[in-house]
S.K.: 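Provided herewith is a single structure, encoded as C-alpha cells, for subsequent inquiry.
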Amino acid sequence: MIDLELLNKEQREAVLHTKGPLLLLAGAGSGKTRVLMYRIAYLIETCEVKPWNILAITFTNKAAGEMRERVDKIVGEGSENIWVSTFHSLCVRILRRHIDKLGYENQFTIYDADDQKTVIKGICGRLSIDTQIYKEKDLLREISHAKEKYQSPKEYQRLAKGDFRREVIADVYQEYQKELKKNNALDFDDLLYLTVELFQSYPEVLLYYQDRFRYIMVDEYQDTNTVQFRLIGILAKKYRNLCVVGDDDQSIYRFRGANVGNILNFEEEFPDTKVIKLEQNYRSTQHILDAANAVIQNNKGRKEKALWTENGQGEPLTFLCFQDASQEAAYLAKEILAKVEKGKARYQDFAVLYRTNAQSRVFEEKFLLSNVPYKMIGGVNFYARKEVKDILAYLKVIDNGRDDLAVHRIINVPKRSIGAVSVGKVQAYANSQEIGFYQALEEASMVPGIGKVLTKIQAFVHLIEEFRAALSKRKIYELIEDILEKSGYAQELREEGNEEAQVRMENIQELIHKAMIYERTAKEPSLSGFLEEVALVADIDSLDESDNRVLLLTLHNAKGLEFPYVYLTGMEDGVFPSFLSILAEHSREEIEEERRLCYVGMTRAMKALTMTAVHTRLMHGKNQRLVVSRFVQEVPRELFREKTMPSSVQRTVKSDNSTTYQKAREAFRAKTFEPKQFKVTKAEALEYQTGDRVSHIKFGIGTVLDITEGGKDYEVKVDFDKAGIKKMFASFAKLKKVESL
DNA sequence: TTTCCTGAATTTTTT
DNA sequence: ATTCAGGAAA
C-alpha cells in the first residue's frame with residue numbers, strides 16, 4: 001500500500017496527476033525517483049492500470065533495475081510486467097521483433113565505437129579520403145549528430161549542397177549506412193533512428209505499441225535528443241499520458257545531441273501540459289546548495305529556480321590547492337583514511353569526481369599506495385579489452401554470419417597463417433561476386449590464386465560451422481570455453497606463459513562468469529541477448545552500493561548518484577572548464593554546459609563538499625601551469641572555510657616549455673611501468689595442497705597433482721575423475737577441498 | 001607470404 | 001594500453 005502522506009505537496013500533486021501530459025521540473029535531490037515510483041504504484045493500485053500498459057524510461061540500466069525493485073516492494077505482484085528500460089534497450093526489444101520490415105535480419109549485431117571506427121576507416125580507404133583532413137572521429141560525430149536529428153543520408157546530402165566538406169561527409173554517411181546494413185549491424189544511433197522509422201512507415205506496428213504503452217514516463221528528460229523526443233512523442237500521441245521529469249540545469253549531454261530545447265518544446269507539442277516544480281532538496285546542506293545555486297546563476301537562459309532544504313546549514317565548503325596532481329591525490333588518500341579510521345565514515349561514503357578519465361590514474365596510484373579500497377567507474381571499458389573483443393567477435397560471427405567486421409577480426413586470431421594478402425584475395429572475390437566475406441570464405445576454393453591457404457580457410461569455416469551446430473545444445477559459457485579450446489586461443493595464451501597472458505585469461509574467465517550470470521537471470525537467454533546486453537551495459541550499471549570502497553568517477557558518471565562526502569578535483573581553468581570549451585567557437589554555450597556539469601557535481605554532496613586544484617599538471621606531455629577554475633571563484637567566499645579560501649591567483653596561463661616533449665614522455669612512461677599491485681589478490685594460502693581431493697563447479701571431483709606459484713596467483717594442476725587433467729588459476733577455479741591426503 | 005619487431009600516435013564527457 | 005605502419009627475418 002502506498003502512503004501519499006510521505007510526500008510533500010508538489011510531489012503528491014505530481015503523483016495524482018495521472019491523465020494528460022505532465023512536465024516535472026525537478027531540481028537536484030528533490031526526490032524525483034521517489035515521485036516516479038509512487039506514481040507507478042498509484043497507477044496500478046488506485047487507477048487499476050495494468051502493469052503492462054506502463055512504460056518507464058530511465059537513463060541507465062541500473063536506474064531501471066532499481067526502479068523495478070522499488071516498485072516491486074510497494075505493489076508486489078505484476079510489477080515484472082512493467083516495461084522499465086533505457087531508450088536503447090527499449091528500441092532493441094522492439095527492433096528484434098520487427099526490423100525485418102526495414103530490410104535487416106532480426107539477428108542484427110550492435111556495433112560499438114571501435115567497430116564504428118573500423119567501418120569508417122575502411123570507407124575512407126575505399127573513397128580515398130584523407131583522414132588527416134577528415135578525422136574518423138569527426139566523421140563519426142557528424143554522422144551521429146545527423147542521426148540524432150533524424151536526418152537520413154539523403155536528407156543530409158540535400159542540406160549539404162554547396163558546402164564541400166559536408167558533401168564529402170554526406171558520401172561517407174551514405175556508404176557507412178550501406179556497410180552497416182550489409183553487415184546486418186546497427187550502431188547506437190540506429191537503434192533509435194530505425195525505431196522511429198519503423199513507427200512512421202508501419203502505422204499498424206505503431207498502433208500496437210501506442211495501445212500497449214498507455215502511460216509513459218521519462219526520467220532525465222533534459223538529456224533526450226531529437227530522435228528520442230520524436231520517439232516518445234509518437235508513442236504518446238494516442239493516449240497523451242506522458243510524464244517527463246527533468247532539470248534544465250543538469251543537462252550535460254549536449255555533445256551527444258541532447259537538446260535542452262526539448263523541455264521548452266514540450267509545452268508546444270503538448271499545449272495542455274501541467275507543469276510542476278520540485279524545489280525542496282532532501283539531499284544536501286544549505287551551504288552546499290547556496291554554493292551550487294551561486295555557480296549555476298551565471299548561466300543565461302535557464303528556468304529560474306532555487307533549491308532550498310530543511311537539512312540545516314551544515315559545514316562550510318573546503319577549497320584546497322596543491323602543487324601537483326600527485327600531491328592532490330596523496331592528500332585525499334590521507335584524509336579519507338583518517339576519517340575512516342576515526343570511525344566518522346565508511347569508504348563508500350566518499351566519491352572523487354574529475355572531468356576526464358585521464359585524471360583517474362594518479363588517484364589509483366596513490367590509493368593503492370595508501371591501501372584505500374576504491375572502485376573506478378569508466379576508463380578502459382572491460383569489454384574494450386582485446387581478448388574480450390576477440391571472443392565476442394567469435395560469438396558475433398556465430399550469431400550473425402553477415403558481420404564481416406567480426407570475421408575479419410578473428411580470421412587470423414589466433415594465428416592460422418591466413419595473412420593480409422590472402423584475406424585481400426578473398427575480399428576481392430567477395431566484392432566481384434557481390435557476396436559477404438564469410439560467404440566468400442565458404443567458397444574459398446573458387447578464389448583465384450588462393451593456393452595452400454585454402455585448407456586453412458576451410459578449417460576455419462568448419463570450426464565456425466561446428467560452433468553453430470552446437471549452439472542449441474551448449475550454454476553460452478560452454479560455447480566460450482569451446483571457442484577457447486578448439487580455436488587454439490587458449491593454447492596461444494598458455495604458450496606465451498607470461499603474466500600478461502595470465503591477466504588476459506582472467507579477463508576471459510570473467511566474461512565466462514558474466515555469461516553464466518546472464519543465463520541464470522535472463523528470462524529467455526540467447527546468444528543474441530547476451531551480445532546485446534554486453535553492447536548496452538554501461539560501466540556504472542555494475543555499481544554495487546553495498547561495496548565499501550571509495551568511488552572514482554567522471555562527473556558525467558556521477559549523475560543521479562549521491563554521497564555524504566564529495567571531492568571535486570582538478571578545479572582548474574583548462575581542465576574544468578576544459579580548454580576545448582574555452583577556445584570553442586560557441587564558447588559561451590560550451591562553458592555553460594561545463595558549468596551545469598559543475599552544478600551536477602556539487603549537488604551530489606550530502607554533508608561535505610571539497611574542491612581541489614593544482615598549480616601544475618602534466619597535460620599532453622607538458623607540465624602546464626594552471627589557474628584556479630572560474631567555477632570556484634563563482635562560489636561566494638563566505639561559504640568556504642576561512643583558512644582555505646582560494647588565494648588570489650596569478651594570471652599566467654602559460655605552458656612550461658622547459659620540459660621537452662621527449663622528456664615528459666619518458667617521465668610518463670616511467671610512471672606507467674611502475675610496479676603495480678593487483679586488485680585480484682592472491683590468496684595468502686590455499687586451503688588445499690598437492691594430493692588433496694577437491695571439487696570444481698564444472699569439472700567435479702579431482703585430485704590436486706601440482707601447485708605452481710606464479711606472479712600473483714597459484715596455478716593448480718588437477719586430475720579430475722571425469723574431465724581429466726586440467727590446469728587452472730587458483731583465484732578463478734574456486735576449488736573446494738573435500739578431503740585431505 | 002606470414003610473422004615479428006619497433007616506433008609513433010592517440011585521450012573530454014558516453015548510451 | 002592498443003593499434004597501426006613499415007621493414008626485416010623466416
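Hydrogens, waters and symmetry mates are skipped; everything else that's a heavy atom, side chains included, is used. Chain letters run A, B, ... following the sequence lines, proteins first and then strands; every chain starts at 1. Computed from a prediction, not measured in an experiment: that's the story for all the values here.
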S.K.: Which nucleotide sits closest to the side chain of A/R504: C/dT2, B/dT13, B/dT3?
M.R.: C/dT2

S.K.: So what does A/N61 touch, heavy atoms closer than 4.0 Å: a base, only the sugar-phosphate, or nothing?
M.R.: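 The answer is nothing, as A/N61 stays clear of every strand by at least 4.0 Å.
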
S.K.: Do we get A/R96 above A/F108's six-membered ring, with its NZ or CZ under 6.0 Å from the centre and within 45° of the axis?
M.R.: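 Judged by the rule, A/R96 and A/F108 form a cation-pi pair.
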
S.K.: With a distance cut-off below 6.0 Å to the six-membered ring centre and an angular limit of 45° from the axis, does A/R68 pair with A/W83 as a cation-pi contact?
M.R.: no

S.K.: Taking the six-membered ring for Trp, is the centroid-to-centroid distance between A/Y173 and A/H145 below 6.0 Å?
M.R.: no

S.K.: Can we call the ring centroids of A/Y374 and A/F363 under 6.0 Å apart?
M.R.: no

S.K.: Starting at atom CG of A/N357, determine the distance to atom C1' of C/dA1, rounded to an integer number of angstrom.
M.R.: 14 Å

S.K.: Find the distance A/F188:CZ to B/dT15:C1' and express it as a whole number of Å.
M.R.: 6 Å

S.K.: Can you check the distance between C/dT3 and B/dT13, where both ends of the measurement are the C1' atom (answer in whole Å)?
M.R.: 23 Å

S.K.: Expressed in angstrom and rounded to an integer, what is the separation of A/K135 atom NZ from B/dT11 atom P?
M.R.: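 Taking atom P of B/dT11 as the reference, NZ of A/K135 is at 8 Å.
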
S.K.: Nearest of B/dT3, B/dT1, B/dT13 to any side-chain atom of A/F255?
M.R.: B/dT13

S.K.: What is the distance from NZ of A/K117 to P of B/dA9, rounded to the nearest Å?
M.R.: 14 Å

S.K.: Without decimals, in angstroms, what is the distance between A/E387 CD and C/dT3 P?
M.R.: 9 Å

S.K.: Distance check needed: B/dT11 C1' versus A/D114 CG, whole Å only.
M.R.: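 A/D114 atom CG is separated from B/dT11 atom C1' by 13 Å.
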
S.K.: B/dT14 P sits how many Å from A/E148 CD, rounded?
M.R.: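 From A/E148 CD to B/dT14 P: 15 Å.
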
S.K.: A/I252 CD1 to B/dT13 P: how many Å, rounded?
M.R.: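 Taking atom P of B/dT13 as the reference, CD1 of A/I252 is at 13 Å.
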
S.K.: What's the closest nucleotide to the A/R385 side chain, out of C/dC4, B/dT14, C/dT2?
M.R.: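 Comparing C/dC4, B/dT14, C/dT2 against the side chain of A/R385, the answer is C/dT2.
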
S.K.: With nearest nucleotide decided by heavy atoms, which residue, A/Y253 or A/V423, maps closer to the 5′ end of DNA chain B?
M.R.: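 Result of the comparison: A/V423.
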
S.K.: List the atom pairs, with distances to 0.1 Å, where a side-chain N or O of residues 117-129 of chain A and a protein N or O form a donor-acceptor pair under 3.5 Å, not counting sequence neighbours.
M.R.:
unit_1, atom_1, unit_2, atom_2, d
A/T118, OG1, A/D114, O, 2.9
A/R126, NH2, A/E179, OE1, 3.4

S.K.: Of A/I540 and A/K137, whose closest DNA chain B nucleotide lies nearer the 5' terminus?
M.R.: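 Counting from the 5' end, the first nearest nucleotide belongs to A/K137.
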
